[in-house]
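To start, the structure itself, in structure tokens.
Below, chains carry the letters A, B, ... as their sequence lines are ordered, and counting in each starts from 1.
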There are 2 protein chains.
Amino acid sequence: MPSEETDTSLPASVEAVWGLRGRPARGPKRALSLERIVAAGVAVADREGLDALSMSRVANAIGTSAMSLYRYVSAKDELLTLMVDAVYADTWTIAATGRWRADLTQLAFNNLHTLRRHPWVVRVPVTGPPITPHQLRWLEASLAALRGTPLSGKEKIAVMLLVNSLVRNDATLMIDLRVGEPESEGKLPDYGKTLRLLLDPKHFPELIDVLDEGVFDYDDTSEQDFSWSLERALDGVAALIESKR
Amino acid sequence: MPSEETDTSLPASVEAVWGLRGRPARGPKRALSLERIVAAGVAVADREGLDALSMSRVANAIGTSAMSLYRYVSAKDELLTLMVDAVYADTWTIAATGRWRADLTQLAFNNLHTLRRHPWVVRVPVTGPPITPHQLRWLEASLAALRGTPLSGKEKIAVMLLVNSLVRNDATLMIDLRVGEPESEGKLPDYGKTLRLLLDPKHFPELIDVLDEGVFDYDDTSEQDFSWSLERALDGVAALIESKR
DNA sequence: TACGGCTGCGTATATCGTAAGCAGTAGCGC
DNA sequence: GCGCTACTGCTTACGATATACGCAGCCGTA
């Protein structure tokens with residue numbers, strides 16, 4: 001097991017979730033734990049959204065003071081990083097079939113479901129490549145799915161970035177449509193109506209045609225659009241894989 | 001021309017950039033203009049990043065007071081929306097070839113170049129589907145590129161969402177690598193080193209293999225990765241188009 | 001047992017977005 | 001021509017936020 005001096009250059013809290021930090025040897029017993037703080041953060045964000053998430057609110061949720069949290073995370077950004085990783089715990093376990101496409105699809109949908117359940121995640125600024133355990137587990141499972149393909153390591157990473165793009169984008173669009181909020185019914189039809197008021201046929205003939213097809217006439221929050229995009233992307237990957245065989 | 005009562009439900013400032021708002025009939029001559037404010041916002045964000053962008057800083061940049069800006073935009077979020085649209089002015093003009101794939105590729109790269117030049121854009125929270133003129137012009141140009149294909153309107157929109165996903169994701173990754181900042185050299189190799197310290201062969205064999213291939217040994221900020229992903233996605237779209245012919 | 005690392009948290013500060021309202025400008029309508 | 005009022009720029013003020021600093025107490029190590 002690594003010593004206390006791990007030299008990862010990572011924040012202490014990230015090292016803690018990797019199990020690289022033991023309990024301090026001295027001092028009073030802790031009334032808090034990093035897990036409790038992160039879980040409270042997730043609960044507050046789920047309930048009130050990321051904009052309403054403050055250190056104060058998280059602390060209140062567990063009956064402590066905002067400044068106590070700084071014994072566990074050095075900045076709010078660290079808490080956000082750990083919150084994202086916590087919800088990623090459900091993304092990387094699949095019933096592996098040994099077929100790359102089916103397995104990647106499962107992983108993509110796991111990821112999508114997580115983001116739809118926790119819409120604040122895509123609102124957390126991305127500050128670097130993944131360094132937390134669950135996010136890397138998702139990546140590992142994805143690479144395992146691609147194990148039997150002729151793709152290089154670099155290409156495998158690129159495939160997962162592609163899939164991840166699609167997932168994040170769908171999640172972003174779903175925020176627009178306010179999934180799960182009944183009072184947001186009709187948001188896309190409103191959008192369509194506004195566009196009709198804005199667009200002139202001289203500059204926007206194609207968009208007007210698309211409008212006339214009724215594309216924005218109803219909100220579609222099913223997973224079909226995501227599925228369509230994923231299929232296109234995986235078709236492209238499949239073409240590349242075939243070309244290498 | 002629309003009257004002052006346009007009933008778009010859009011913020012006044014957005015109506016203004018659509019040319020739907022005239023100059024007020026009474027009152028002192030304006031010393032400011034919305035264009036000037038937006039341009040100042042873009043300049044501040046380009047120089048200092050989105051985190052450092054405050055109403056105060058934007059106002060200072062044009063020698064006025066923060067509260068004056070509120071005569072032109074009703075909230076900071078509106079300013080951000082208009083700033084994004086302003087930089088999108090360069091994305092929708094292409095040398096059309098009449099070949100859907102070449103034209104989409106041009107549009108994708110235009111978009112990518114814009115985001116790389118203004119990395120703060122992907123940090124602006126997306127609050128809804130595009131409603132501003134230049135963003136919609138990019139969408140219009142994209143739909144025009146797909147005009148001769150057998151795709152439905154809905155599918156065309158989906159293609160553009162897909163392409164847009166890839167662009168935004170690349171831009172997000174480039175923030176990680178701090179494009180253009182010499183002191184950030186070696187960020188990916190540092191990442192690779194950190195991963196080696198974290199990953200155990202029991203749980204992360206695939207990722208370790210990828211590491212051993214040297215995938216993270218150097219920063220790659222060229223456009224090749226983006227191009228690769230775009231090709232995969234467009235291969236998938238091409239397959240669908242072919243299947244409908 | 002003494003020392004010092006650790007805990008929780010109170011106080012304080014700088015910054016931010018923006019509400020409220022004042023004084024002055026300028027055009028409309030009578 | 002005058003009064004009214006819409007509009008402009010900006011000052012003052014406030015609530016909220018993240019987090020620095022430091023105190024008092026806890027508790028394990030040497």
Write down the distance between [atom1] ([X]) and [atom2] ([N]), rounded to a whole number of angstrom.
X	N	atom1	atom2	answer
B:D51	D:dT17	CG	P	17 Å
B:L79	C:dC16	CG	C1'	15 Å
B:L69	D:dT8	CG	P	13 Å
B:L50	C:dT15	CG	P	18 Å
B:D77	C:dG17	CG	P	10 Å
B:L34	D:dG9	CG	P	12 Å
A:R21	C:dC6	CZ	P	10 Å

Check whether any side-chain nitrogen or oxygen of [X] sits under 4.0 Å from OP1 or OP2 of [N], and answer yes or no.
X	N	answer
B:R57	C:dT15	no
A:R30	C:dT7	yes
A:T64	C:dC9	yes
A:S56	D:dT17	no

Checking contacts here: which listed nucleotide ([options]) is nearest the side-chain heavy atoms of [X]?
X	options	result
B:Y70	C:dG24, C:dT18, C:dG8	C:dT18
B:Y72	D:dT19, C:dC6, D:dT8	D:dT8
A:A75	D:dT19, C:dA26, C:dG17	D:dT19
B:M67	D:dC27, C:dA20, D:dT17	C:dA20
A:R71	D:dC23, D:dT29, D:dT11	D:dC23
A:P28	D:dG25, D:dC7, D:dA20	D:dG25

Query raised in the report: Between the side-chain atoms of B:R26 and the base atoms of D:dT5, is any donor-acceptor pair under 3.5 Å?
Result: yes
**Report entry** Pairwise distance CG(B:L195) to CG(B:D190) - rounded to 0.5 angstrom
**Finding:** 11.0 Å
Report task. Mind checking the CG-CG spacing from A:L166 to B:N169? Nearest 0.5 Å is all I need. Result -> 9.0 Å
Query raised in the report: When the nearest nucleotide of DNA chain C is assigned to B:A52 and to B:K29 on a heavy-atom basis, which residue is associated with the more 5' position?
Result: B:A52
Query raised in the report: Between B:G27 and A:L32, which has a closest nucleotide on DNA chain C that is more 5'?
Result: A:L32
Without placing hydrogens or testing angles, list every side-chain donor-acceptor pair under 3.5 Å for residues 34-48 of chain A, not counting sequence neighbours.
from, atom 1, to, atom 2, distance (Å)
A:R36, NH1, A:A31, O, 3.0
A:D46, OD1, A:H118, ND1, 2.8
A:D46, OD1, A:W120, NE1, 2.6
A:D46, OD2, A:H118, ND1, 3.2
A:E48, OE1, A:R57, NE, 3.0

**Report entry** Any donor-acceptor N or O pair under 3.5 Å, side chains B:N110, B:T91
**Finding:** no
Using distance only, find each side-chain donor-acceptor pair of residues 128-139 of chain B under 3.5 Å and give its atom names and separation, not counting sequence neighbours.
from, atom 1, to, atom 2, distance (Å)
B:T132, OG1, B:D85, OD1, 2.7
B:T132, OG1, B:Q135, OE1, 3.1
B:H134, ND1, B:W92, NE1, 3.1
B:R137, NH2, A:H203, NE2, 3.4
B:W138, NE1, B:L107, O, 3.1

Query - Whether B:S74 side chain and B:Y70 backbone form a donor-acceptor pair below 3.5 Å - result: no
Using a 4.0 Å heavy-atom cut-off, does [X] contact any base of the nucleic acid, only the sugar-phosphate backbone, or nothing at all?
X	value
B:L53	sugar-phosphate
B:S54	sugar-phosphate
A:M55	sugar-phosphate

Report summary line: Per nearest nucleotide of DNA chain D, the residue lying toward the 5' end, A:K76 or B:P24, is B:P24
